[in-house]
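What follows is a single structure, written as structure tokens, with notes after it.
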Amino acid sequence: VYVCAKCGYELFSSRSKYAHSSPWPAFTETIHADSVAKRPEHNRPEALKVSCGKCGNGLGHEFLNDGPKPGQSRFIFSSSLKFVPKGKETSAPQGH
């Protein structure tokens, strides 16, 4: 499970992670409907700024219609995520 590096809220499952040409982790979907908040990126109509749905920490971008399958989005993040191995999720805060 990938969680917010700042507050530990669950954001993405490793099942939604896929290989992409960028050096940053890429995902197709969030764990919870409120895992992330999105707002338009100025001067980039194909991109949304993404932040943690719980604490507001800036995470990265969602690129619309640029996922591994037609119509899917691609979420790209850098050091704003922390990986927590399955079964260890209780060490990070869960939900609201």
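Here, residue 1 is the first one in the sequence, and each next residue gets the next number.
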Checking S80 side chain against L59 main chain: does a donor-acceptor pair fall under 3.5 Å?
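Flag set: sc S80 to bb L59 pair under 3.5 Å.
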
Would you check if [X] and [Y] make a side-chain contact, meaning some heavy-atom pair closer than 4.5 Å?
X   : Y   : answer
L64 : L48 : yes
I31 : L11 : no
T30 : Y2  : no
Y9  : V36 : no

Quick one: pull up NE2 in H32 and OG in S13 and give me the separation to the nearest 0.5 Å.
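So the gap between those two atoms works out to 10.5 Å.
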
Distance (rounded to the nearest 0.5 Å) between F63 CZ and E41 CD
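CD of E41 is found 8.0 Å from CZ of F63.
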
Quick one: list whatever passes salt bridge (charged side-chain N to carboxylate O under 4.0 Å, His left out) with K38, sequence neighbours left out.
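Salt bridge (charged side-chain N to carboxylate O under 4.0 Å, His left out) list for K38, sorted by chain: E62.
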
Indicate the atoms forming the closest heavy-atom contact of [X] with [Y], along with that distance.
X   : Y   : value
E10 : S35 : O-OG, 3.1 Å
K6  : N57 : CB-ND2, 3.7 Å
S51 : G56 : CB-O, 3.5 Å

Once side-chain hydrogen bond (donor to acceptor under 3.5 Å, both in side chains) is applied, do any residues pair with E29, and if so which ones, sequence neighbours excluded?
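Once residues adjacent in sequence are excluded, E29 has no partner under the side-chain hydrogen bond (donor to acceptor under 3.5 Å, both in side chains) criterion.
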
Mind checking what makes ring-ring contact (aromatic ring centres under 6.0 Å, His included) contact with Y18, not counting sequence neighbours?
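Partners of Y18 under the ring-ring contact (aromatic ring centres under 6.0 Å, His included) test: none.
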
